[in-house]
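In the text below, chain A, chain B and the rest are named by the order of the sequence lines, each starting its count at 1. Hydrogens, waters and symmetry mates are skipped; everything else that's a heavy atom, side chains included, is used.
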2 protein chains.
Amino acid sequence: MKSKRPRKKRLHKASNIYDVARHARVSVFTVSAVVNKNGNVSPTLRRRVEAAVQKLNYRPNLLARGLVMRQTHTIGIVVRDIVNPFFPLLVRGAEDAAQKAGYSVLLCNSDDQREKEEQYLELLLSKRVDGILLNKAPGNLSASRRNLLAESRVPVVSLMRTSPDLKGDAVITDDEKGAFEAVSHLARVGHRQIALVSGPLSVSNGKARWRGFRKALQASGLQYEPDLVIEGDYHIDSGYRAGLFLLPRRPDAVFVANYLMTVGLMKAADEIGLRCPEDFGLASFDDYPWLSCFRPRLTTVELPKYEIGATAVQILLERISGKRIRRSLVKLMPELHVRESCGFMLRKRDSKEDSLTPQEKPYAASAAPELQ
Amino acid sequence: MKSKRPRKKRLHKASNIYDVARHARVSVFTVSAVVNKNGNVSPTLRRRVEAAVQKLNYRPNLLARGLVMRQTHTIGIVVRDIVNPFFPLLVRGAEDAAQKAGYSVLLCNSDDQREKEEQYLELLLSKRVDGILLNKAPGNLSASRRNLLAESRVPVVSLMRTSPDLKGDAVITDDEKGAFEAVSHLARVGHRQIALVSGPLSVSNGKARWRGFRKALQASGLQYEPDLVIEGDYHIDSGYRAGLFLLPRRPDAVFVANYLMTVGLMKAADEIGLRCPEDFGLASFDDYPWLSCFRPRLTTVELPKYEIGATAVQILLERISGKRIRRSLVKLMPELHVRESCGFMLRKRDSKEDSLTPQEKPYAASAAPELQ
DNA sequence: TTGTAGGCGTTATCAA
DNA sequence: TTGATAACGCCTACAA
């Protein structure tokens, strides 16, 4: 009863804890205790409070709660672009894990631009998120932002890419191994001249995939030919340009470091008039369930996207609750899926060994022991 | 200087407006005025404040601001599933528009389940979002939730689907027209027996696509055969089952009401051993740029996904700012993209009229006047 | 078990 | 132009 004057605008206000307390003829403490199910409240008062809550449609204001508790139960997730088909499943994994723990997700698209990324990070800090999932754009954070981040003590978990200026936890995949296996498979199938469309070498996983490629050539006794290596940027267009450059040189096969560049490369092949797998073998990263019925089926290194997101949130939550102390770097394993784009089927057919239907064979092959 | 006791745990606290005020030897009012660039502050004080802000790495706590301003500059967006390839671009359109206006996006996946959807709506209200974008799950909201929503006065813009219990704004597409054009095209190409895998008829756009199908048959002088119509639920599996049922009946063509069901149908075709477009023509909804290099290329009704999201946020913001008064229902136009899955190429080839390369022809056709 | 009052970090009103 | 101070809605230590 301390409000001296009536509200001016009769702004439509949701009822608050005081309204409920008044209605139930109890104190705000009691209401709070009932709503948060802590402390012991006598059945009588509890019933009165519950009735009032019901009657007034009371819902606690999470802003106010966050302010006093210093916890928003919100995490921010910064990805390059949710439209890039790699991210939806990852984000979904993160959202599911977050939701189960009572957290919500603030989604940010950085477009791989440092400036945008930094602005989002600042915004997230200002919104007082409890933690951040970050798929880092190339380059380092500015010193001031890094400082701000460190000082805020808000935990950050890196996704897919590590960065020297991010000294927190990270969830990545063993991309070197994935690339190694894919390229080894291309070699095993009989391809000798294998070209590479790599990701940006300035990015940790771009570099890792390149290393895997190189080591596989070596292990297969093939020559690394710089002329057959093009550095792309993970976007469609760079794959297209790489295709226009590489395919006319007629390599036996191409290994492309991600899916979008594969799309670009195949567009180039289309224009040039080359077909996969008849004219060149192809293996790449990332598989998508909705591709399974289109041709050619791609031989790919599949990454556990959902798990990446879910695991990252898991780690973040442990960090938030103070359980986790030591820095952890989780490396998830990729899985080679052999299908027809690599030319596997053709070779088999040539040698008259094939009798299975096209859709069964690749899966059988992908479970072959040598791929572990 | 009113804190009576030292902080207990030496909890790491970000500096607040009082810290800055003390440091700059001014009042909090001055700091606030400088930070928000309103009011007139003398250059001297402004400089002092700015220096202090810099020094202390001060960033306003948006929770506190939101509490007093009753505005969080956050919107919630509830989609069925961000993994459904329809949504990323829509969400991106929304996020871009939101970001430009200084808003952030809270992402929620309802999985098309009413219960999950309602829980998210409540959470969003509790978090005091300024507005909500909602792709409604089938069925109506419970009376209590609807009531809560109405009472909260938080504007909701429906996406793609309208619902009788949502009396707010909506952004939808003219799905009836889209379906009509696609099916008319199938008929024009020469297909007589056209099957339909529809979306859920309990959902507004599922119904609309069904109506378009029906009207197109009528306009083309074809019979509507209930045996050739299967109601699906927009998920892959229902398309698969529909395919297993429909394809053995050897329709000339199939119209599938969305992309995921098309994937399922093609999987069924694969298993049965039927090929598209040789054995049956196919047209469906939703096109994706990363499909362009795979076969068969789909004849699709393309929806302006990005615009849907962007427009919805636009409307939401106008509603939030109180500019928009009347309810608005925006209906965006789809666009038919003719490619090879409908059998267009085959017919042409049969009649020896085709001389263009496969990848050029469809685009030329899609610009044909009769498709406007 | 229940109530009171102070504080969380802002903005905004009203004096000075 | 500036400063003091009351909201905003919640939680919680401390008192009763």
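Distance CZ/Arg46(A) to NZ/Lys37(A): 8.0 Å, rounded to 0.5 Å. Taking CD1 of Ile17(B) as the reference point, atom CG of Asn61(B) lies at 10.5 Å (rounded to 0.5 Å). The distance from atom CG of Asp130(A) to atom OH of Tyr103(A), rounded to the nearest 0.5 Å, is 4.5 Å. In this structure, CZ in Arg92(A) is found 10.5 Å from CG in Asn84(B), a value given to the nearest 0.5 Å.
One atom, NE2 of His73(B), and another, P of dT11(C), lie 11 Å apart when rounded to the nearest Å. A straight line from CD of Gln71(B) to P of dA12(C) spans 11 Å, rounded to a whole angstrom. Distance, Tyr18(A) OH to dT12(D) C1': 12 Å, rounded to whole Å. The nearest whole Å value for the distance from the CG atom in Leu125(A) to the P atom in dG9(C) is 15 Å. Taking atom CD1 of Ile17(B) as the reference point, atom P of dG7(C) lies 18 Å away to the nearest angstrom. Taking atom CG on Asn61(A) and atom P on dA7(D), their separation rounds to 18 Å, with Å as the unit. Whole-Å rounding puts the Lys127(B) NZ to dG9(D) P distance at 19 Å. Going from atom CG of Leu67(B) over to atom P of dC11(D) covers 12 Å, rounded to whole Å.
When the side-chain nitrogen and oxygen atoms of Asn16(A) are compared with OP1 and OP2 of dG9(D), one or more of them lie within a distance under 4.0 Å. For the pair Tyr58(A) and dC10(D), the criterion of a side-chain N or O lying under 4.0 Å from OP1 or OP2 is met. The shortest distance between the side-chain N/O atoms of Asn40(B) and the OP1/OP2 oxygens of dT1(D) is below 4.0 Å. Taking 4.0 angstrom as the limit, Thr30(B) places none of its side-chain polar atoms (N or O) nearer than this to OP1 or OP2 of dT1(D). At dG9(D), one or more side-chain N or O atoms of Arg70(B) fall inside 4.0 Å of OP1 or OP2 (strictly under the cut-off).
Using a 4.0 Å heavy-atom cutoff across all strands shown, Leu45(B) reaches sugar-phosphate atoms only and no base atom. Among the protein residues, Val41(A) comes within range of the sugar-phosphate backbone only, with heavy atoms under 4.0 Å from sugar or phosphate atoms but none that close to a base. Note on Leu63(A): nothing from the nucleic acid sits closer than 4.0 angstrom, heavy atoms only. The residue Ser32(A) sits close to a base: some heavy atom pair falls under 4.0 Å. Arg59(B) comes within 4.0 angstrom of sugar-phosphate atoms only, judged by non-hydrogen atoms across all strands, and of no base.
Counting only heavy atoms from C-beta outward, the side chains of Asp169(A) and Leu329(A) never approach each other to under 4.5 Å.
Side-chain polar atoms of Thr74(B) and Lys127(A) form a donor-acceptor pair below 3.5 angstrom. Arg65(B) and Asn36(B) are linked by a side-chain donor-acceptor pair at a separation below 3.5 angstrom, with hydrogens and angles left out of the test.
Nearest to the side-chain atoms of Phe29(A) among the listed nucleotides dT1(C), dT4(C), dT11(C) stands dT4(C). The Val68(B) side chain lies nearest to dT11(C) when the options are dT11(C), dT12(D), dG7(C). Set against dA5(C), dA12(C), dT10(C), the side chain of Val28(A) has dA5(C) as its closest nucleotide.
Judged by closest nucleotide on DNA chain D, Arg48(B) is the one of Arg48(B) and Pro60(A) placed further toward the 5' end. Mapping Ser27(B) and Ala64(B) onto DNA chain D via the closest heavy atom, the residue that lands nearer the 5' end is Ser27(B).
Across the helix from dT1(C)-dA16(D) to dA16(C)-dT1(D), the helix axis at one end is tilted relative to the axis at the other end by 40° (nearest 10 degrees, each axis from five pairs).
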> Given Arg80(B) and Asp111(B), is the salt bridge (Lys or Arg N to Asp or Glu O under 4.0 Å) satisfied, shown in steps?
Replying inline: CA-CA 5 Å; Arg80(B) 305 210 296 287; Asp111(B) 283 321; over 6 Å; no

